[in-house]
Colleague: 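The structure is given below, and queries will be raised subsequently.
None of the values given here were measured: they were computed from a predicted structure. Order of the sequence lines fixes the chain letters, A, B, ..., with proteins taken first and strands second; residue numbering starts at 1 for each chain.
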Amino acid sequence: MLDMNLFREEADLIRADHTKRGIPHDAIERVIELDQSWRNLLHETDQLRREKNEAARGIGAAKKAGDHAAADAILAQVADLGERISAMESQTNEAMETRDRLRMSIPNLLHHDVPQGADESGNTVHAVHGEKPSFSFEPRPHNDLIEMNRWVDLKRAAKISGSRFFFLKGDLARLEFALQQYAVEFLRQREFTFVQPPVMMNRQAYEGVTDLADFETVMYGIEPDKYYMIATSEHPLTAMYMDETIPEEQMPLRMVGVSQCFRREVGSHGQSDLGIWRVHQFTKIEQIIIARPEDSWALHEELLKNCIDLWNSLGIHYEVVNICTGDMGTVAAKKYDLEAWIPAAQQYKEIVSCSNCTDYQANRLNIRYGQPGHPNQPVVHTLNSTAVATSRALVAIMEQYQLEDGRVAVPYALQPYMGGQTVLEPCEWG
RNA sequence: GCAGUCGUCGCAUAGCCUGGUAUUGCGCCGGAUUUGAAAUCCGGUGUCCCCGUGACUCGGGAGUUCAAAUCUCUCCGACUGCGCCA
């Protein structure tokens, strides 16, 4: 959510941003109008309250003095003020709620480096790492490899849960576990603290970290308890400091979170999502930084550097992409994606997303930094980046490390976490 | 899950029974004093707005009332004990 003062004092910045995104300005103007009418209503309400308070102050004094006639006179005078005030109050609250509901739908201000474009075809290549693997045979798509090795059971998962759920079996499950441990240790050595978050959150905290539309299309809601399953550990780890002031000497806070992630994937379909590429439940190792505003752009590059070093160490060939205006979404001010080469499909596909959300989440969550107790503390910036989403990492490894017989070589860096094993063997049953 | 105790400004505390201006200490900020510091003294130290002799604020919400930190209901959270459980 953008700061209200931005609409009041620097609305042209927001207008210019909408122009760059190619979206209409109506919502901005409407927020400004709604704010003005809220402020008018608030002032009127305050005047009525003042009138009532001034009158009511006499009641206690009159009663104490035993002058019941005077007290009754004031009671009569004040009688209907209360009703007028509560009518005004509900109007005032409604005006503010309408303003803020609309304000929450207005996207973050973009960094000037963000390229313009209508959709993902406008993303620009920022860097290329590694080389396309060459095969002396026709490489298989990962959905064939998981079937012939009996590593993934989609059918039985569909039977007991639904489509896009999966059982992960044998050596591929062990490799998944190895990825988790490797990624956490990798980031621990770069001053990130390992944190395991809750996987359910309440609505209020969740509204602080996500686009409102995500409640319909992304998150699972839990009934009858009013919780939401987290779509990524970014959400609990960012909301963690809601309504707090972080001591300045602790900044920046670096965390590496690991959690199961749950996504409805409403509207997703198609051949490109076969196998375990797009699933309802997967594990993700995530980098989170809570920073002072003046440090956040350097730290965004640090997050990207960590991804690059990590994925280079896994020996995966990928591109770094600078996400354009049309593909950006609501919360991030700038976003890099890592897209891994998928040889069977002859495509680069997204495996990592690395964002600086500036103060957009922190405004809504009311996270500040400085010395606790001081007035007017500055708001923090929040940043997040995938380290490894294991389901997609497994796809990239299987596709790029596959052998002619359908087995898959283990990336060198993961071998110590696999008891020295160098090749994934098929599961014996299935 | 049951029972009890509790939730007040950054921290700590008073006020609650008996409704009527939210107390005090620490910390912090500014000023005075000082060569400088400590000590001492004075003032400030939650949020909002049109910045005032303004409004709001006592875990969240609702109710009673002219008036709620205070009374009632409800939800959330903490602690203690019991029960259950990986």
Colleague: Is it the case that the ring center of A/His111 lies less than 6.0 angstrom away from the ring center of A/Trp297?
Modeller: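 Between A/His111 and A/Trp297, which both carry aromatic rings, the centre distance is below 6.0 Å.
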Colleague: In whole angstrom, give me the gap between the P atoms of B/rU21 and B/rU70.
Modeller: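 About 14 Å, rounded to a whole number of Å.
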Colleague: With the threshold set at 4.0 Å, does a side-chain nitrogen-carboxylate oxygen contact exist between A/Asp46 and A/Arg49?
Modeller: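 Yes, this pair counts.
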Colleague: Please tell me if A/Lys52 has a side-chain N or O lying less than 4.0 Å from either OP1 or OP2 of B/rA67.
Modeller: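 For B/rA67, OP1/OP2 do have a side-chain N/O of A/Lys52 under 4.0 Å.
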Colleague: Determine, for A/Glu191 against A/Arg188, whether the closest basic-nitrogen to carboxylate-oxygen distance falls under 4.0 angstrom.
Modeller: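 Judged by the 4.0 Å cut-off on N to carboxylate O distance, A/Glu191 and A/Arg188 do not form a salt bridge.
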Colleague: Between B/rU8 and B/rU24, how many Å separate the two C1' atoms, rounded to a whole number?
Modeller: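 Looking at atom C1' only, B/rU8 and B/rU24 are 13 Å apart.
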Colleague: With a non-hydrogen cut-off below 4.0 angstrom, is A/Arg368 in contact with a base, only sugar-phosphate, or nothing?
Modeller: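 A/Arg368: no heavy atom of the nucleic acid under 4.0 Å.
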Colleague: Between P on B/rC50 and CD on A/Gln36, what's the gap in Å once rounded to a whole number?
Modeller: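 Rounded to the whole Å, the gap is 8 Å.
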Colleague: Roughly, in whole Å, what's the span from CH2 in A/Trp38 to C1' in B/rC48?
Modeller: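 Between C1' of B/rC48 and CH2 of A/Trp38: 6 Å.
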Colleague: With rounding to whole Å, what would you report as the distance between B/rC48 and B/rU35 at their P atoms?
Modeller: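 Per the computed distance, 42 Å lies between those P atoms.
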Colleague: May I ask you to list the residues of residues 84-91 of chain A, by number, that have any heavy atom positioned under 4.0 Å from an atom of RNA chain B?
Modeller: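 Going residue by residue through residues 84-91 of chain A, none turns out to have a heavy atom under 4.0 Å of RNA chain B.
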Colleague: Can we say A/Glu265 and A/Arg263 salt-bridge, meaning some charged N sits less than 4.0 Å from an Asp/Glu carboxylate O?
Modeller: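 Here A/Glu265 does not pair with A/Arg263 in a salt bridge, since their nearest N and O are not under 4.0 Å apart.
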Colleague: Nearest whole angstrom, please: distance from the P of B/rG20 to the CD of A/Glu54.
Modeller: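 One finds 21 Å between P of B/rG20 and CD of A/Glu54, rounded.
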Colleague: Determine whether the aromatic ring centres of A/Tyr228 and A/Phe215 lie less than 6.0 Å apart.
Modeller: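 Here the rings of A/Phe215 and A/Tyr228 have centres that are less than 6.0 Å from each other.
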Colleague: Students often get this wrong, so: under 4.0 angstrom with heavy atoms, is A/Arg49 touching a base, only sugar-phosphate, or nothing?
Modeller: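 Sugar-phosphate contact only.
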Colleague: Considering only the C1' atoms, how many Å lie between B/rU45 and B/rC26, rounded to the nearest integer?
Modeller: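 Between the two C1' atoms, the distance is 13 Å.
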Colleague: Tell me the interatomic distance from A/Asn40, atom CG, to B/rC48, atom P, rounded to whole angstroms.
Modeller: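 After rounding, the reported distance stands at 18 Å.
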Colleague: Between A/Leu41 (CG) and B/rA55 (C1'), how many Å, whole number?
Modeller: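 Rounded to the whole Å, the gap is 14 Å.
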Colleague: Any base atoms under 4.0 Å from A/Asn202, or only sugar-phosphate, or nothing? Heavy atoms, all strands.
Modeller: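 Answer is nothing: A/Asn202 stays at 4.0 Å or more from every strand.
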Colleague: Taking only N and O in the side chain of A/Asn53, is any of them less than 4.0 Å away from OP1 or OP2 of B/rU21?
Modeller: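 So the side-chain polar atoms of A/Asn53 never come under 4.0 Å of the phosphate oxygens OP1 or OP2 of B/rU21.
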Colleague: How far, in whole Å, is B/rU72 from B/rU64 if one measures between their P atoms?
Modeller: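 Straight-line distance between the two P atoms is 16 Å.
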Colleague: Indicate, yes or no, whether a donor-acceptor pair under 3.5 Å links the base of B/rC50 to the side chain of A/His43.
Modeller: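 Side chain to base: pair found, below 3.5 Å.
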Colleague: Do A/Arg392 and A/Trp277 meet the cation-pi criteria used here (NZ or CZ under 6.0 Å from the six-membered ring centre, within 45° of the axis)?
Modeller: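 A/Arg392 over A/Trp277 ring: yes.
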Colleague: Mind checking the C1' distance from B/rG46 to B/rC42? Whole angstroms is fine.
Modeller: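 It works out to 23 Å between them.
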Colleague: Measuring only the P atom in each nucleotide, how far is B/rG81 from B/rG63? A whole number of Å is fine.
Modeller: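 It works out to 39 Å between them.
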Colleague: Expressed as a whole number of Å, how far does the P atom of B/rG44 sit from that of B/rU23?
Modeller: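 After rounding to an integer number of Å, I get 12 Å for this pair.
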Colleague: Would you please enumerate the stems RNA chain B participates in, each stem being three or more consecutive Watson-Crick or G-U wobble pairs with both distances under 3.5 Å?
Modeller: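 As far as RNA chain B goes, consecutive pairing (with distances under 3.5 Å) yields the stems B:1-7 with B:76-82, B:10-12 with B:24-26, B:27-32 with B:40-45, B:46-48 with B:54-56, B:59-63 with B:71-75.
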Colleague: Examine A/His235 together with A/Tyr206 and report whether their ring centres are nearer than 6.0 Å.
Modeller: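 For A/His235 and A/Tyr206, the ring centres are under 6.0 Å apart.
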Colleague: Could you tell me the separation between the CZ atom of A/Arg203 and the P atom of B/rC76, rounded to a whole number of Å?
Modeller: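 My rounded result for the distance is 18 Å.
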Colleague: Are more than 12 heavy atoms from other residues, nucleotides or ligands located less than 6.0 Å from atom CD of A/Gln421?
Modeller: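 Yes, enclosed.
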Colleague: Could you go through A/Glu301 and A/Lys305, starting from their C-alpha distance and side-chain angles, then the distance that decides it, and tell me whether this counts as salt bridge (charged side-chain N to carboxylate O under 4.0 Å, His left out)?
Modeller: CA-CA 6 Å; A/Glu301 295 300 319; A/Lys305 178 73 163 50; over 6 Å; no
Colleague: In whole angstrom, what separates A/Asp243's CG from B/rG46's C1'?
Modeller: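 So the CG-C1' distance, A/Asp243 to B/rG46, works out to 13 Å.
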Colleague: Hey, mind stepping through A/Arg174 and A/Asp171 against salt bridge (charged side-chain N to carboxylate O under 4.0 Å, His left out) and telling me if it holds?
Modeller: CA-CA 5 Å; A/Arg174 291 176 62 224; A/Asp171 275 0; 3.0 Å; yes
Colleague: Choose from B/rC50, B/rG54, B/rC56 the nucleotide whose nearest atom is closest to any side-chain atom of A/Arg50.
Modeller: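 The nucleotide sitting nearest to the side chain is B/rG54.
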